[in-house]
Amino acid sequence: MATHKLLLLPGDGIGPEVMAEVKRLIRWMNERGIARFETEEGLVGGSCYDAHKVAVTEETMAKAKAADAVIFGAVGGPKWDGVPYDVRPEAGLLRLRKDLGLFANLRPAVCYPALADASSLKREAVEGLDIMIVRELTGGVYFGEPKTITDLGNGQKRAIDTQVYDTYEIERIARVAFELARKRRNKVTSSEKRNVMKSGVLWHEVVNQVHQREYKDVQLEHQLADACGMQLVRWPKQFDVIVCDNLFGDMLSDVASMLTGSLGMLPSASLGEVDAKTKTRRSLYEPVHGSAPDIAGKGMANPIAMIASFGMALRYSFGMIKEAEWIDQAIAGTLAKGLRTPDIASPGAATVGTQQMGEAVIKELERVASS
Ligand SMILES: NC(=O)c1ccc[n+]([C@@H]2O[C@H](COP(=O)([O-])OP(=O)(O)OC[C@H]3O[C@@H](n4cnc5c(N)ncnc54)[C@H](O)[C@@H]3O)[C@@H](O)[C@H]2O)c1
């Protein structure tokens with residue numbers, strides 16, 4: 001059995017609390033002989049700033065590059081609001097994404113039947129929902145140069161952001177989307193604004209070319225990004241995989257997140273290029289939520305987003321598809337039994353804490369794995 005090296009970066013706020021439940025899961029898998037994980041831990045974000053005056057150390061960066069996958073909690077909080085911009089907690093996460101070349105962000109939005117009433121849409125619109133948003137993560141308007149604010153000297157200022165994409169950046173993210181679709185319901189929706197943006201024209205052209213050349217068997221459709229946002233809240237089940245640039249992906253994935261009920265339920269994966277020699281890829285897995293300072297230290301955070309992020313690591317970094325499915329089934333089973341952390345409970349209903357939810361998922365996992 002291969003040994004997989006994991007770097008755990010719990011971070012700040014509820015990060016360490018939800019990471020504790022992933023550690024419980026790793027222990028369970030190791031002890032049961034299902035896998036052999038070796039873990040190392042490091043500081044990132046505000047906790048790293050407190051210790052080293054940077055958001056991530058060079059030593060941790062080296063460990064991240066050497067690891068088979070990085071499992072990340074969350075960073076930030078009011079305590080660090082005043083620290084210099086380049087060492088703010090988020091800078092640690094951005095450095096990891098950039099230096100590991102994590103260009104593809106995968107955000108599934110799955111609505112568990114037991115939680116369909118927690119969505120802001122009607123049950124029939126979201127029950128059984130299972131879509132995947134693939135967001136380009138290292139290019140586009142968040143990084144393009146020039147990026148400036150200039151004083152025009154007449155009482156006016158001018159702000160410039162630059163939306164820029166090269167062919168190769170669109171090709172590689174399109175491939176990730178088509179490959180995923182082949183393992184799902186075989187449909188990709190590509191979203192841009194080619195009606196008003198040149199980058200949208202190129203995006204559309206390149207996605208079509210990749211499709212024609214390599215993925216003719218996959219159904220491809222195009223939707224303008226504004227229309228896609230509207231369709232996501234009208235009838236989200238029409239989608240399988242949605243692929244889009246950094247900016248539209250940021251917005252559309254947040255829209256999709258509300259379909260499922262709570263931030264505490266949403267996992268994500270960020271993937272780099274496949275190494276031609278080793279056939280492996282750099283990867284980082286993290287819940288979509290932040291450090292939730294309002295509930296940190298109270299033991300009431302929902303660990304499911306973090307646990308499901310680890311499930312994505314099993315699926316996308318280690319090819320452990322069966323075990324990843326066990327985790328999904330264990331989460332669904334635990335919810336079906338009625339266990340709820342406060343964020344997903346109906347008003348007045350009984351709730352459990354982070355640790356109890358983590359233990360319940362393992363108990364259910366034990367049942368699923370034995371059956
Ligand atoms: N990737 C990251 O590390 C990341 C992402 C988003 C925000 N942040 C940072 O986190 C801090 C707080 O930001 P925010 O409040 O806007 O977003 P947040 O995601 O931390 O919290 C938003 C709301 O959702 C709740 N929530 C979030 N995760 C939960 C969970 N697992 N269980 C139960 N409830 C949960 C919180 O209690 C809060 O009410 C800020 O410093 C922000 O910069 C970090």
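Index from 1, following the sequence. This one's a predicted model, so the numbers in the text were calculated from it and none came from an experiment. When a ligand or atom number is given, it counts from 1 through the structure's own listing order.
- Using a distance-only test at 3.5 Å, with no hydrogens or angles considered, no donor-acceptor pair links the side chain of Arg315 to the main chain of Ile321.
- For the salt bridge (Lys or Arg N to Asp or Glu O under 4.0 Å) test, no residue two or more places apart in sequence or in another chain qualifies with Glu169.
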For a distance cut-off of 3.5 Å, show me each N or O of ligand 1 paired with any protein N or O, plus the separation.
unit_1   : atom_1 : unit_2 : atom_2 : d
ligand 1 : 1 (N)  : Glu286 : OE1    : 3.4
ligand 1 : 3 (O)  : Val75  : N      : 2.9
ligand 1 : 10 (O) : Ser291 : N      : 3.1
ligand 1 : 10 (O) : Ser291 : OG     : 3.2
ligand 1 : 19 (O) : Gly290 : N      : 2.7
ligand 1 : 20 (O) : Gly290 : N      : 3.4
ligand 1 : 20 (O) : Ser291 : N      : 3.3
ligand 1 : 20 (O) : Ala292 : N      : 2.8
ligand 1 : 31 (N) : His289 : NE2    : 3.3
ligand 1 : 31 (N) : Asn302 : O      : 3.0
ligand 1 : 32 (N) : Asn302 : N      : 2.8
ligand 1 : 37 (O) : Asp294 : OD1    : 2.8
ligand 1 : 37 (O) : Asp294 : OD2    : 3.0
ligand 1 : 39 (O) : Asp294 : OD2    : 2.8
ligand 1 : 41 (O) : Gly77  : N      : 3.0
ligand 1 : 43 (O) : Glu90  : OE2    : 2.5

Anything under 3.5 Å between a donor and an acceptor, one on a side chain of residues 221-229, the other on a protein residue two or more places apart or in another chain? List them.
unit_1 : atom_1 : unit_2 : atom_2 : d
Glu221 : OE2    : Thr189 : OG1    : 2.9
Glu221 : OE2    : Gln223 : NE2    : 3.4
His222 : NE2    : Asn208 : OD1    : 2.8
Gln223 : NE2    : Gln238 : OE1    : 3.3
Asp226 : OD1    : Lys193 : NZ     : 3.4
Asp226 : OD2    : Lys193 : NZ     : 3.2

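- Using a 4.0 Å cut-off between charged nitrogen and carboxylate oxygen, Asp86 and Arg95 do not count as a salt-bridge pair.
- The neighbour count for Lys237 NZ, taken as heavy atoms of other residues, nucleotides or ligands under 6.0 Å away, is above 12.
- Every salt bridge (Lys or Arg N to Asp or Glu O under 4.0 Å) that Arg123 has, sequence neighbours left out, goes to Asp117, Glu127.
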